[in-house]
Colleague: 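The following block contains the structure, expressed as C-alpha coordinates.
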There are 2 protein chains.
Amino acid sequence: MEIKDTIDLLKSRGYRITPQRVAIIRILKDHEGHPGAEEVFRYAIQLYPNISMATVYNVMEVLEKEGIIRAIAVSKNLRLYDSDIKPHSHFICNSCRKVFDIPSNYYEACTKELPLELADFEVDSLELIYKGLCSDCKKTK
Amino acid sequence: MEIKDTIDLLKSRGYRITPQRVAIIRILKDHEGHPGAEEVFRYAIQLYPNISMATVYNVMEVLEKEGIIRAIAVSKNLRLYDSDIKPHSHFICNSCRKVFDIPSNYYEACTKELPLELADFEVDSLELIYKGLCSDCKKTK
DNA sequence: CTGTCTGCAAACCATTTGCAATCGT
DNA sequence: ACGATTGCAAATGGTTTGCAGACAG
(Lines give C-alpha, C1' and ligand atoms only; values in the text may rest on other atoms or scores of the structure.)
Protein backbone atom coordinates (compact mmCIF):
# COMPACT_ATOMS: atom_id res chain seq x y z
CA MET A 1 0.00 0.00 0.00
CA GLU A 2 1.26 3.45 -0.88
CA ILE A 3 1.98 5.93 1.87
CA LYS A 4 -0.71 8.21 0.58
CA ASP A 5 -3.27 5.43 0.70
CA THR A 6 -2.38 4.64 4.28
CA ILE A 7 -2.74 8.28 5.21
CA ASP A 8 -6.08 8.52 3.45
CA LEU A 9 -7.24 5.42 5.27
CA LEU A 10 -6.33 6.85 8.64
CA LYS A 11 -7.91 10.18 7.75
CA SER A 12 -11.13 8.48 6.69
CA ARG A 13 -11.28 6.75 10.05
CA GLY A 14 -11.01 9.99 11.96
CA TYR A 15 -7.33 9.99 12.87
CA ARG A 16 -5.31 13.16 12.68
CA ILE A 17 -2.37 13.17 10.32
CA THR A 18 0.55 14.27 12.44
CA PRO A 19 4.11 14.49 11.14
CA GLN A 20 5.09 11.77 13.63
CA ARG A 21 2.55 9.40 12.13
CA VAL A 22 3.65 10.19 8.61
CA ALA A 23 7.29 9.70 9.57
CA ILE A 24 6.63 6.26 11.03
CA ILE A 25 4.51 5.19 8.07
CA ARG A 26 7.35 6.23 5.79
CA ILE A 27 9.91 4.39 7.92
CA LEU A 28 7.90 1.18 7.76
CA LYS A 29 7.61 1.60 4.01
CA ASP A 30 11.30 2.31 3.46
CA HIS A 31 12.68 -0.36 5.76
CA GLU A 32 11.03 -3.62 4.89
CA GLY A 33 11.75 -6.27 7.45
CA HIS A 34 10.56 -6.79 10.99
CA PRO A 35 11.46 -3.83 13.16
CA GLY A 36 10.61 -3.52 16.81
CA ALA A 37 9.46 -0.37 18.57
CA GLU A 38 13.04 0.44 19.47
CA GLU A 39 14.24 0.21 15.86
CA VAL A 40 11.37 2.32 14.59
CA PHE A 41 12.23 4.84 17.25
CA ARG A 42 15.88 5.01 16.17
CA TYR A 43 14.88 5.80 12.60
CA ALA A 44 12.12 8.17 13.68
CA ILE A 45 14.34 10.25 15.89
CA GLN A 46 16.42 11.13 12.81
CA LEU A 47 13.42 12.44 10.92
CA TYR A 48 11.87 13.94 13.98
CA PRO A 49 14.37 14.55 16.82
CA ASN A 50 11.84 15.16 19.55
CA ILE A 51 9.74 12.07 19.05
CA SER A 52 9.31 9.85 22.10
CA MET A 53 8.89 6.12 22.58
CA ALA A 54 5.39 6.76 23.88
CA THR A 55 4.47 8.22 20.52
CA VAL A 56 6.04 5.32 18.67
CA TYR A 57 3.98 2.89 20.72
CA ASN A 58 0.89 5.01 20.21
CA VAL A 59 1.33 5.07 16.43
CA MET A 60 2.16 1.39 16.16
CA GLU A 61 -0.97 0.59 18.13
CA VAL A 62 -3.09 2.66 15.78
CA LEU A 63 -1.54 1.04 12.71
CA GLU A 64 -2.07 -2.41 14.17
CA LYS A 65 -5.65 -1.67 15.16
CA GLU A 66 -6.41 -0.45 11.65
CA GLY A 67 -4.90 -3.54 10.06
CA ILE A 68 -1.99 -1.71 8.43
CA ILE A 69 0.68 -3.72 10.22
CA ARG A 70 0.80 -7.00 12.14
CA ALA A 71 2.48 -7.50 15.51
CA ILE A 72 4.52 -10.63 16.08
CA ALA A 73 5.19 -11.97 19.57
CA VAL A 74 8.72 -13.24 19.07
CA SER A 75 9.51 -14.00 22.68
CA LYS A 76 8.67 -12.85 26.18
CA ASN A 77 10.24 -9.46 25.78
CA LEU A 78 10.50 -9.01 22.03
CA ARG A 79 7.63 -7.80 19.90
CA LEU A 80 8.30 -7.08 16.25
CA TYR A 81 6.10 -5.68 13.53
CA ASP A 82 5.43 -6.76 9.99
CA SER A 83 4.23 -4.14 7.54
CA ASP A 84 3.49 -6.80 4.94
CA ILE A 85 -0.10 -7.81 5.52
CA LYS A 86 -0.40 -10.17 2.59
CA PRO A 87 -1.30 -13.68 3.81
CA HIS A 88 1.88 -15.49 4.82
CA SER A 89 3.35 -17.34 7.74
CA HIS A 90 6.44 -16.69 9.83
CA PHE A 91 9.51 -18.52 10.97
CA ILE A 92 11.09 -17.31 14.20
CA CYS A 93 14.63 -18.37 15.02
CA ASN A 94 14.91 -19.33 18.67
CA SER A 95 18.57 -18.39 18.66
CA CYS A 96 18.97 -15.08 16.80
CA ARG A 97 15.29 -14.13 17.14
CA LYS A 98 15.13 -13.14 13.49
CA VAL A 99 11.74 -13.34 11.78
CA PHE A 100 11.43 -14.74 8.27
CA ASP A 101 8.39 -14.31 6.04
CA ILE A 102 7.34 -17.68 4.72
CA PRO A 103 4.82 -18.12 1.95
CA SER A 104 2.44 -20.88 2.88
CA ASN A 105 -0.22 -22.58 0.84
CA TYR A 106 -1.85 -23.61 4.06
CA TYR A 107 -2.16 -20.12 5.47
CA GLU A 108 -4.97 -19.25 3.11
CA ALA A 109 -6.46 -22.72 3.36
CA CYS A 110 -6.67 -22.27 7.14
CA THR A 111 -8.46 -18.96 6.84
CA LYS A 112 -10.89 -20.15 4.21
CA GLU A 113 -11.83 -23.48 5.67
CA LEU A 114 -12.36 -22.85 9.36
CA PRO A 115 -12.64 -25.73 11.81
CA LEU A 116 -16.24 -26.48 12.81
CA GLU A 117 -15.42 -25.56 16.39
CA LEU A 118 -15.04 -21.94 15.31
CA ALA A 119 -18.49 -21.74 13.71
CA ASP A 120 -19.89 -19.50 16.46
CA PHE A 121 -16.76 -17.42 16.80
CA GLU A 122 -15.74 -14.28 15.01
CA VAL A 123 -12.32 -15.02 13.56
CA ASP A 124 -10.36 -11.86 12.81
CA SER A 125 -6.85 -13.09 12.19
CA LEU A 126 -4.60 -16.08 11.92
CA GLU A 127 -1.01 -16.58 12.98
CA LEU A 128 0.95 -19.46 11.54
CA ILE A 129 4.38 -19.49 13.17
CA TYR A 130 7.17 -21.99 12.78
CA LYS A 131 9.93 -21.91 15.38
CA GLY A 132 13.36 -23.46 15.40
CA LEU A 133 16.82 -22.57 14.16
CA CYS A 134 17.50 -20.61 11.00
CA SER A 135 20.15 -21.92 8.60
CA ASP A 136 22.88 -19.63 9.97
CA CYS A 137 22.25 -20.49 13.61
CA LYS A 138 21.95 -24.17 12.74
CA LYS A 139 25.53 -24.11 11.43
CA THR A 140 26.94 -22.27 14.42
CA LYS A 141 25.22 -24.60 16.84
CA MET B 1 0.82 -38.62 29.96
CA GLU B 2 0.63 -40.00 33.47
CA ILE B 3 2.22 -38.11 36.33
CA LYS B 4 4.58 -40.96 36.97
CA ASP B 5 5.72 -40.95 33.36
CA THR B 6 6.40 -37.24 33.48
CA ILE B 7 8.44 -37.70 36.64
CA ASP B 8 10.39 -40.56 35.13
CA LEU B 9 11.07 -38.45 32.06
CA LEU B 10 12.45 -35.61 34.16
CA LYS B 11 14.48 -38.02 36.27
CA SER B 12 15.96 -39.63 33.17
CA ARG B 13 17.06 -36.22 31.97
CA GLY B 14 18.90 -35.47 35.17
CA TYR B 15 16.37 -33.27 36.94
CA ARG B 16 15.73 -33.69 40.66
CA ILE B 17 12.28 -34.62 41.75
CA THR B 18 11.33 -32.01 44.30
CA PRO B 19 7.92 -31.87 45.96
CA GLN B 20 7.35 -28.49 44.30
CA ARG B 21 7.85 -30.02 40.88
CA VAL B 22 5.58 -32.93 41.67
CA ALA B 23 2.92 -30.57 43.01
CA ILE B 24 2.94 -28.49 39.84
CA ILE B 25 2.87 -31.51 37.58
CA ARG B 26 -0.14 -32.77 39.53
CA ILE B 27 -1.85 -29.37 39.33
CA LEU B 28 -1.44 -29.27 35.55
CA LYS B 29 -2.83 -32.79 35.34
CA ASP B 30 -5.82 -32.10 37.60
CA HIS B 31 -6.79 -28.74 36.14
CA GLU B 32 -7.03 -29.10 32.40
CA GLY B 33 -7.35 -25.78 30.69
CA HIS B 34 -4.90 -22.99 30.14
CA PRO B 35 -3.55 -21.67 33.42
CA GLY B 36 -1.01 -18.90 33.74
CA ALA B 37 1.86 -18.80 36.21
CA GLU B 38 -0.32 -16.90 38.67
CA GLU B 39 -3.07 -19.52 38.58
CA VAL B 40 -0.61 -22.39 38.97
CA PHE B 41 0.86 -20.52 41.91
CA ARG B 42 -2.54 -20.15 43.61
CA TYR B 43 -3.12 -23.88 43.42
CA ALA B 44 0.44 -24.70 44.36
CA ILE B 45 0.44 -22.58 47.49
CA GLN B 46 -2.36 -24.76 48.86
CA LEU B 47 -0.39 -27.94 48.39
CA TYR B 48 2.85 -26.33 49.38
CA PRO B 49 2.40 -23.09 51.38
CA ASN B 50 5.95 -21.85 51.07
CA ILE B 51 6.30 -22.10 47.33
CA SER B 52 7.30 -18.92 45.55
CA MET B 53 6.52 -17.49 42.14
CA ALA B 54 10.18 -17.87 41.22
CA THR B 55 9.86 -21.60 41.69
CA VAL B 56 6.68 -21.74 39.65
CA TYR B 57 8.44 -19.96 36.79
CA ASN B 58 11.45 -22.23 37.18
CA VAL B 59 9.33 -25.39 36.99
CA MET B 60 7.23 -24.15 34.09
CA GLU B 61 10.40 -23.36 32.19
CA VAL B 62 11.74 -26.85 32.76
CA LEU B 63 8.47 -28.44 31.69
CA GLU B 64 8.35 -26.30 28.58
CA LYS B 65 11.96 -27.00 27.69
CA GLU B 66 11.36 -30.73 28.02
CA GLY B 67 8.30 -30.59 25.80
CA ILE B 68 5.84 -31.48 28.55
CA ILE B 69 3.81 -28.31 28.19
CA ARG B 70 3.46 -25.55 25.60
CA ALA B 71 3.51 -21.84 26.33
CA ILE B 72 1.01 -19.59 24.59
CA ALA B 73 1.65 -15.88 24.15
CA VAL B 74 -1.89 -14.60 24.59
CA SER B 75 -1.10 -10.91 24.74
CA LYS B 76 1.63 -8.53 25.79
CA ASN B 77 1.41 -9.39 29.45
CA LEU B 78 -0.41 -12.68 29.50
CA ARG B 79 1.32 -15.99 28.97
CA LEU B 80 -0.69 -19.15 29.48
CA TYR B 81 0.31 -22.77 29.36
CA ASP B 82 -1.20 -25.79 27.68
CA SER B 83 -0.46 -29.20 29.13
CA ASP B 84 -2.02 -30.90 26.12
CA ILE B 85 0.79 -31.40 23.66
CA LYS B 86 -1.16 -33.32 21.07
CA PRO B 87 -1.12 -31.47 17.72
CA HIS B 88 -3.87 -28.87 17.71
CA SER B 89 -4.36 -25.18 17.12
CA HIS B 90 -5.64 -22.43 19.39
CA PHE B 91 -8.25 -19.73 19.33
CA ILE B 92 -7.58 -16.70 21.51
CA CYS B 93 -10.44 -14.35 22.33
CA ASN B 94 -9.30 -10.76 22.04
CA SER B 95 -11.91 -9.72 24.56
CA CYS B 96 -11.89 -12.24 27.43
CA ARG B 97 -8.42 -13.58 26.58
CA LYS B 98 -9.65 -17.15 26.97
CA VAL B 99 -7.79 -19.83 25.01
CA PHE B 100 -9.69 -22.58 23.21
CA ASP B 101 -8.14 -25.78 21.93
CA ILE B 102 -9.11 -26.27 18.31
CA PRO B 103 -8.53 -29.49 16.42
CA SER B 104 -7.16 -28.66 13.00
CA ASN B 105 -6.60 -30.89 10.03
CA TYR B 106 -4.15 -28.37 8.76
CA TYR B 107 -1.97 -28.34 11.83
CA GLU B 108 -0.48 -31.70 11.00
CA ALA B 109 -0.42 -30.93 7.30
CA CYS B 110 1.66 -27.84 8.04
CA THR B 111 4.18 -29.79 10.08
CA LYS B 112 4.48 -32.61 7.58
CA GLU B 113 4.69 -30.62 4.39
CA LEU B 114 7.06 -27.78 5.14
CA PRO B 115 7.37 -24.82 2.76
CA LEU B 116 10.46 -25.02 0.55
CA GLU B 117 11.79 -21.87 2.16
CA LEU B 118 12.31 -23.81 5.38
CA ALA B 119 14.42 -26.52 3.77
CA ASP B 120 17.65 -25.31 5.40
CA PHE B 121 16.05 -24.53 8.73
CA GLU B 122 15.54 -26.73 11.74
CA VAL B 123 11.84 -26.53 12.52
CA ASP B 124 11.08 -27.47 16.11
CA SER B 125 7.51 -26.34 16.60
CA LEU B 126 4.46 -24.83 15.00
CA GLU B 127 1.88 -22.44 16.38
CA LEU B 128 -1.43 -22.07 14.60
CA ILE B 129 -3.43 -19.39 16.35
CA TYR B 130 -6.77 -17.92 15.41
CA LYS B 131 -7.75 -14.67 17.08
CA GLY B 132 -11.06 -12.88 17.30
CA LEU B 133 -14.12 -12.98 19.55
CA CYS B 134 -15.44 -16.13 21.20
CA SER B 135 -19.17 -16.83 20.98
CA ASP B 136 -19.90 -15.34 24.41
CA CYS B 137 -18.00 -12.12 23.81
CA LYS B 138 -19.49 -11.85 20.33
CA LYS B 139 -22.98 -11.68 21.87
CA THR B 140 -22.05 -9.11 24.50
CA LYS B 141 -20.38 -6.88 21.96
C1' DC C 1 -11.45 26.89 18.71
C1' DT C 2 -11.83 22.12 20.32
C1' DG C 3 -10.58 17.88 21.22
C1' DT C 4 -6.81 14.87 19.72
C1' DC C 5 -2.04 13.91 19.96
C1' DT C 6 2.60 14.48 21.72
C1' DG C 7 6.53 14.30 25.00
C1' DC C 8 8.12 13.71 29.40
C1' DA C 9 8.85 11.16 33.44
C1' DA C 10 7.04 8.16 36.52
C1' DA C 11 4.46 3.93 37.10
C1' DC C 12 3.51 -0.80 35.88
C1' DC C 13 3.88 -5.62 36.19
C1' DA C 14 5.03 -10.09 34.63
C1' DT C 15 9.23 -12.24 34.72
C1' DT C 16 14.10 -12.73 36.06
C1' DT C 17 18.07 -12.66 38.95
C1' DG C 18 21.46 -13.00 42.91
C1' DC C 19 22.37 -15.37 46.73
C1' DA C 20 22.23 -17.92 51.07
C1' DA C 21 19.92 -21.76 52.90
C1' DT C 22 17.90 -26.20 51.90
C1' DC C 23 17.22 -30.59 50.06
C1' DG C 24 17.54 -34.65 46.61
C1' DT C 25 20.45 -38.19 45.26
C1' DA D 1 28.80 -34.67 50.77
C1' DC D 2 27.82 -32.09 46.60
C1' DG D 3 25.59 -29.71 43.46
C1' DA D 4 20.85 -28.67 42.05
C1' DT D 5 16.89 -26.26 43.61
C1' DT D 6 14.29 -23.25 46.47
C1' DG D 7 12.54 -18.81 48.52
C1' DC D 8 13.15 -14.25 49.26
C1' DA D 9 13.62 -9.64 47.84
C1' DA D 10 15.35 -6.66 44.68
C1' DA D 11 16.12 -5.70 39.85
C1' DT D 12 14.77 -5.74 35.06
C1' DG D 13 12.90 -3.89 30.88
C1' DG D 14 9.48 -3.43 27.54
C1' DT D 15 5.25 -1.08 27.64
C1' DT D 16 1.77 2.04 29.60
C1' DT D 17 -0.04 6.03 31.90
C1' DG D 18 -1.11 10.85 33.59
C1' DC D 19 -0.97 15.19 32.45
C1' DA D 20 0.24 19.83 30.62
C1' DG D 21 1.23 21.92 26.47
C1' DA D 22 1.14 21.67 21.30
C1' DC D 23 -1.22 21.25 17.22
C1' DA D 24 -4.46 19.32 13.32
C1' DG D 25 -8.75 20.07 11.43
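Just so you know, these numbers come straight off a predicted model, no measurement behind them. Lettering of chains follows the sequences in order, A, B, ..., and the numbering in each one begins at 1.
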Colleague: Measure the distance from CZ on B:Phe41 to P on C:dC13 and round it to the nearest whole Å.
Modeller: 17 Å
Colleague: In sequence, state the C-alpha distance, the side-chain angles, and the governing distance for B:Phe100 and A:Phe121, and then conclude on ring pair (Phe, Tyr, Trp, His ring centres under 6.0 Å).
Modeller: CA-CA 11 Å; B:Phe100 299 81; A:Phe121 292 11; 5.0 Å; yes
Colleague: Counting N and O atoms only, with roles assigned by atom type, does the side chain of B:Tyr81 sit under 3.5 Å from a partner on the main chain of B:Glu64, one being a donor and the other an acceptor?
Modeller: no
Colleague: For the pair made of CD in B:Glu64 and P in C:dT15, what is the distance, rounded to whole Å?
Modeller: 11 Å
Colleague: Describe the nucleic acid contact of B:Glu38 in one word from base, sugar-phosphate, nothing, applying a heavy-atom distance below 4.0 Å.
Modeller: nothing
Colleague: Are there over 12 heavy-atom neighbours, none belonging to B:Asp8, within less than 6.0 Å of that residue's CG?
Modeller: yes
Colleague: Can you find a side chain N or O atom of B:Thr18 that sits less than 4.0 Å from OP1 or OP2 on C:dC23?
Modeller: no
Colleague: So which one's nearest nucleotide on DNA chain D is more toward 5', A:Tyr15 or A:Ala54?
Modeller: A:Ala54
Colleague: In whole angstrom, give the distance that lies between atom CZ of A:Arg21 and atom C1' of C:dC5.
Modeller: 6 Å
Colleague: Using atom CD of B:Glu61 as one end and atom C1' of D:dT5 as the other, report the distance to the nearest whole Å.
Modeller: 13 Å
Colleague: With a 4.0 Å cutoff (strictly under), does any side-chain N or O of B:Tyr57 reach OP1 or OP2 of C:dT15?
Modeller: yes
Colleague: Return the value, rounded to whole Å, for the distance between atom CG of A:Asn50 and atom P of C:dT6.
Modeller: 13 Å
Colleague: Taking for each residue the nucleotide of DNA chain C with the nearest heavy atom, is it B:Met53 or B:Pro19 whose nucleotide lies nearer the 5' end?
Modeller: B:Met53
Colleague: Pick the nucleotide of DNA chain C nearest each of B:Asn77 and A:Ile51; which residue has the one closer to the 5' end?
Modeller: A:Ile51
Colleague: Just call it for A:Pro49: base, sugar-phosphate, or nothing, with non-hydrogen atoms closer than 4.0 Å on any strand.
Modeller: nothing
Colleague: Would you tell me if any nitrogen or oxygen in the side chain of A:Arg79 comes within less than 4.0 Å of OP1 or OP2 on D:dG14?
Modeller: no
Colleague: Regarding A:Tyr48, tell me which of base, sugar-phosphate or nothing describes its non-hydrogen contacts under 4.0 Å with the strands shown.
Modeller: sugar-phosphate
Colleague: Whole-Å distance between D:dT16 C1' and B:Lys76 NZ?
Modeller: 9 Å
Colleague: Within the modelled atom types, does a donor on one side and an acceptor on the other bring the side chain of B:Arg16 and the base of D:dG3 under 3.5 Å apart?
Modeller: yes
Colleague: Could you check how far CD of B:Gln20 sits from C1' of D:dA4, rounded to whole Å?
Modeller: 12 Å
Colleague: Check whether the ring centres of B:His31 and B:Tyr43 lie less than 6.0 Å apart, and answer yes or no.
Modeller: yes
Colleague: By the 4.0 Å heavy-atom rule, please label B:Leu78 as base, sugar-phosphate, or nothing.
Modeller: nothing
Colleague: Can you establish whether the number of heavy atoms outside B:Lys98 located under 6.0 Å from its atom NZ is more than 12?
Modeller: no
Colleague: Send over the distance from B:Ile25 CD1 to D:dT5 P, rounded to a whole Å.
Modeller: 12 Å
